[in-house]
**Q** 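Have a look at this one before I ask anything.
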Amino acid sequence: MKPRQEMKGVNKPRSRKKNSQSQNKTAAIIFVLMFVLCSIFIVARTGSQVPGAGKTMMVFLSPFQNIFSWFGGGVSEFTGSVEEIQNLQTENLNLREEVEKLRAENLNASEALSENQRLRALLGYKQSATQFDLVAASIIGRESATWSSVVLINRGTLDGVADNMAVVTELGLVGHVVEAGLNTSKVQLILDPRSSVGTLIQRPESRVAGIVEGDINNPNAPKMVNIPKDADVQVDDMVVTSGFGGVYPKGIIVGKIKEMHNDEGGLLKHGIITTTVNFEKLEDVAVIINSREAPPEPLPPVIQSAGSELDAEEVAKQLEYSKLIQQENRDRVKQQQISQIEQARQSGGGTAN
């Protein structure tokens with residue numbers, strides 16, 4: 001046991017000696033590195049000429065200078081890349097903001113163009129319907145409880161609007177004013193089940209009268225009721241206002257007969273109507289604040305013979321000419337209504353087939 005203890009006693013000084021040598025080497029390396037770094041710093045800062053033996057040190061330090069120069073270049077390049085990335089991010093953000101701005105301007109321009117087209121069509125109708133005094137209005141709201149039945153417009157009594165005035169577009173009948181305020185008014189649409197419009201079948205061979213009212217089971221398609229079972233009413237017949245009742249002027253297009261059905265009693269029938277006005281896209285309307293009959297065409301003067309007695313043949317010619325004028329007037333009105341239907345089809349605003 002003793003020899004082992006002696007061996008252990010001998011190993012301890014050797015271990016301490018090795019540790020001391022390792023620490024000395026580490027200190028020497030650190031000193032050399034600090035000396036090298038300081039020398040490089042001094043030479044770089046002063047830029048002075050190194051005489052004699054200093055050149056040897058420069059040769060010795062040149063590899064370290066190359067290393068630090070490469071490291072410094074790498075740092076500069078990395079810093080430049082970071083700045084470039086930041087600049088690209090800033091530029092990308094600016095471009096996004098500009099794109100959003102241009103998109104908003106494009107939407108505003110499209111909305112303005114759409115509004116201009118609607119107002120142009122309404123103005124054209126105002127100029128052609130000389131028997132009406134119209135006030136243009138825009139829909140600004142809908143009643144939540146009667147979304148498809150009552151709308152709010154931005155015209156009121158200060159604009160000449162009053163209760164029971166008819167409301168139209170260039171495509172046909174919309175409804176009538178039920179409550180006029182100072183600056184706004186409520187309009188009941190013809191789709192409302194409470195609505196009632198006196199109408200006629202436009203076809204000259206028919207001229208059957210009926211009432212158009214909203215259908216609670218089919219909110220988008222009103223129906224023409226109280227039609228006798230044997231009445232001459234056919235699919236695709238145009239329906240216009242009759243002027244009965246004093247609310248709606250005569251001759252305004254309501255829509256077209258889409259289907260015919262017999263009532264349960266067997267004595268009457270009713271027709272489902274496709275309206276010329278698309279109520280789902282309704283934005284601008286016109287209120288008829290005054291209505292008058294279109295002036296009739298003047299009849300040609302009656303020419304008398306020299307003896308103050310009418311020549312029978314001449315009178316017959318004049319009567320025939322009067323009939324032709326009346327027929328031309330009817331054709332002109334019919335052509336205007338056909339033109340309204342065509343406008344509805346082309347603009348996509350109507351639902352007529």
Side-chain angles (χ1 to χ4, degrees), residues 114-143 146-199 211-214 222 239-255 273 275-295 333 336-337 339-341 343-344 347 349-351:
S114 177
E115 182 179 6
N116 184 45
Q117 291 174 346
R118 296 195 307 270
L119 294 179
R120 274 173 164 273
L122 210 58
L123 178 62
Y125 176 71
K126 182 177 181 180
Q127 293 175 346
S128 63
T130 55
Q131 70 273 29
F132 300 143
D133 293 332
L134 302 174
V135 171
S138 297
I139 294 177
I140 58 175
R142 294 177 181 263
E143 286 192 346
T146 55
W147 180 260
S148 62
S149 304
V150 178
V151 297
L152 188 68
I153 61 174
N154 62 345
R155 293 289 183 266
T157 55
L158 295 179
D159 304 291
V161 178
D163 292 353
N164 294 324
M165 285 185 173
V167 180
V168 297
T169 71
E170 73 281 3
L171 301 175
L173 184 64
V174 172
H176 72 283
V177 177
V178 291
E179 184 179 336
L182 288 176
N183 298 302
T184 60
S185 301
K186 290 182 180 180
V187 176
Q188 184 183 67
L189 307 181
I190 60 174
L191 302 179
D192 195 321
R194 298 167 296 180
S195 174
S196 179
V197 183
T199 55
I211 297 174
V212 170
E213 58 186 25
V239 180
V240 298
T241 54
S242 64
F244 303 151
V247 175
Y248 303 101
K250 184 177 181 180
I252 301 175
I253 294 179
V254 176
I273 295 178
T275 60
T276 52
V277 174
N278 189 339
F279 289 92
E280 293 180 355
K281 298 181 179 180
L282 193 61
E283 296 183 65
D284 299 291
V285 297
V287 183
I288 300 177
I289 61 174
N290 189 27
S291 173
R292 53 193 171 273
E293 291 292 336
V333 172
Q336 289 178 352
Q337 294 171 343
S339 177
Q340 291 176 349
I341 296 172
Q343 289 179 3
S347 64
T351 57

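Numbering starts at 1 and runs along the sequence shown.
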**Q** Shortest non-hydrogen contact from L171 to T276?
**A** O-OG1, 2.8 Å
**Q** Keeping to residues at least two apart or across chains, list the ring-ring contact (aromatic ring centres under 6.0 Å, His included) pairs with something in residues 159-183.
**A** H176-Y248
**Q** Nearest 0.5 Å, please: how far is CD1 in I288 from CG in L173?
**A** 8.0 Å
**Q** Is the backbone N or O of G198 less than 3.5 Å from a side-chain atom of S242, with the two atoms forming a donor-acceptor pair by type?
**A** yes
**Q** Got V174 and L189 here, is their nearest side-chain heavy-atom distance under 4.5 Å?
**A** yes
**Q** Once rounded to the nearest 0.5 Å, what's the spacing between atom CG of D192 and atom CD of E213?
**A** 10.5 Å
**Q** Just wondering, do T169 and D284 contact through their side chains at under 4.5 Å, heavy atoms?
**A** no
**Q** Looking only at non-hydrogen atoms, find the nearest pair between L191 and P222 and report the distance.
**A** CD2-CD, 3.6 Å
**Q** Among V285, I252, V287, I253, which one satisfies side-chain contact (heavy atoms from CB on, under 4.5 Å) with V168?
**A** I252
**Q** Verify, without hydrogens or angle tests, whether T241 (side chain) and G251 (backbone) share a donor-acceptor contact under 3.5 angstrom.
**A** yes
**Q** I want to check something: taking the side chain as every heavy atom from C-beta on, are V239 and V212 in contact at a cut-off of under 4.5 Å?
**A** yes
**Q** I need the minimum non-hydrogen distance between S196 and I211, along with the two atoms involved.
**A** OG-CG2, 3.2 Å
**Q** Rounded to the nearest 0.5 Å, what separates atom CG in L134 from atom CD in E170?
**A** 11.0 Å
**Q** Mind listing the side-chain donor-acceptor pairs of residues 150-167 below 3.5 Å, one per line with the distance, residues two or more places apart or on another chain?
**A**
unit_1: N154; atom_1: OD1; unit_2: S138; atom_2: N; d: 2.8
unit_1: R155; atom_1: NE; unit_2: A136; atom_2: O; d: 3.1
unit_1: T157; atom_1: OG1; unit_2: G181; atom_2: O; d: 3.3
unit_1: D159; atom_1: OD2; unit_2: G156; atom_2: N; d: 3.1
unit_1: D163; atom_1: OD1; unit_2: A180; atom_2: N; d: 2.9

